[in-house]
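Fair warning: this is a prediction, and the values are worked out from it, not measured in the lab.
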Amino acid sequence: QVQLVESGGGLVQPGGSLRLSCAASARIFSINAMGWYRQAPGKERELVAHITSGGSINYGDSVKDRFTASRDNAKNTVYLQMNSLKPEDTAVYYCNAKIKEVPWRGVMDYWGKGTLVTVSS
């Protein structure tokens with residue numbers, strides 16, 4: 001069964017940086033889009049970054065020019081480099097991937113369990 005395993009969250013001061021990683025834990029036929037979403041307390045989940053299989057990247061407005069997403073297709077891994085972090089970036093960050101596990105099944109939506117990022121002095 002496919003699992004998305006996130007790592008890299010933690011506590012950081014305002015202005016600091018963190019790098020999140022998310023790897024798919026099983027053998028996979030193909031991965032379409034991968035990306036990151038976040039959910040702050042009392043708020044809806046929102047897009048952080050979305051990467052297509054072709055490498056096109058779309059960012060949420062609040063993180064443009066500060067966050068950089070990338071993916072390593074050979075490792076089935078997606079990364080999120082977060083710079084110039086602000087207190088309002090505090091949230092649980094979730095990895096998402098659209099995966100075709102085997103050739104005879106359709107693409108399914110998978111989510112990681114989330115990793116907490118806290119930006120505070």
Establish whether [X] and [Y] are linked, either directly or via other cluster members, by ILVMFWY side-chain heavy-atom contacts under 4.5 Å.
| X | Y | answer |
| --- | --- | --- |
| Val92 | Met82 | no |
| Leu85 | Val63 | yes |
| Val2 | Phe29 | no |
| Met34 | Tyr37 | no |

Can you give me the closest heavy-atom contact between [X] and [Y], atom names plus distance?
| X | Y | answer |
| --- | --- | --- |
| Ser25 | Val5 | CB-CG2, 4.4 Å |
| Ser17 | Ser84 | OG-N, 4.4 Å |
| Ile57 | Ala69 | CD1-O, 3.3 Å |

Residue Gln3 excluded, over 12 heavy atoms near CD under 6.0 Å: no
Neighbour count >12 (heavy atoms, 6.0 Å) for atom CG, Asp65: no
Any residue meeting side chain to side chain contact (heavy atoms under 4.5 Å, CB included) with Asn73, in chain and number order, not counting sequence neighbours: Arg71
Non-neighbouring partners of Val107 that pass side chain to side chain contact (heavy atoms under 4.5 Å, CB included), sequence neighbours left out: Asn32, Lys98, Lys100
Those residues that, when tested against Arg66, pass salt bridge (Lys or Arg N to Asp or Glu O under 4.0 Å) (two or more places apart): Asp89
All salt bridge (Lys or Arg N to Asp or Glu O under 4.0 Å) counterparts of Lys64, not counting sequence neighbours: Asp61
Nearest-0.5 Å distance, CG of residue Leu4 to OG1 of residue Thr77: 10.0 Å
Between CD1 on residue Ile99 and OG on residue Ser30, distance to nearest 0.5 Å: 9.0 Å
Listed once per pair and sorted, the disulfide bond (SG atoms under 2.5 Å apart) pairs that draw on residues 43-93, sequence neighbours left out: none
Disulfide bond (SG atoms under 2.5 Å apart) partners of residues 71-121, not counting sequence neighbours, each pair once: Cys22-Cys95
Distance-only criterion, 3.5 Å: show the donor-acceptor pairs between side-chain atoms of residues 41-49 and protein atoms not counting sequence neighbours.
unit_1	atom_1	unit_2	atom_2	d
Glu46	OE2	Arg38	NE	2.6
Glu46	OE2	Arg38	NH2	3.1

All ring-ring contact (aromatic ring centres under 6.0 Å, His included) counterparts of Tyr59, not counting sequence neighbours: none
Where at least one partner belongs to residues 76-98, residue pairs that pass ring pair (Phe, Tyr, Trp, His ring centres under 6.0 Å), sequence neighbours excluded: none
Determine all donor-acceptor pairs shorter than 3.5 Å in which one atom belongs to a side chain in residues 110-121; sequence neighbours excluded.
unit_1	atom_1	unit_2	atom_2	d
Tyr110	OH	Glu101	OE1	3.3
Thr115	OG1	Gly9	N	3.3

Test side chain to side chain donor-acceptor pair (under 3.5 Å) applied to Gln81 - qualifying residues, sequence neighbours left out: Asn83
Within residues 23-37 or reaching into it, pairs that qualify as salt bridge (Lys or Arg N to Asp or Glu O under 4.0 Å) - sequence neighbours excluded: none
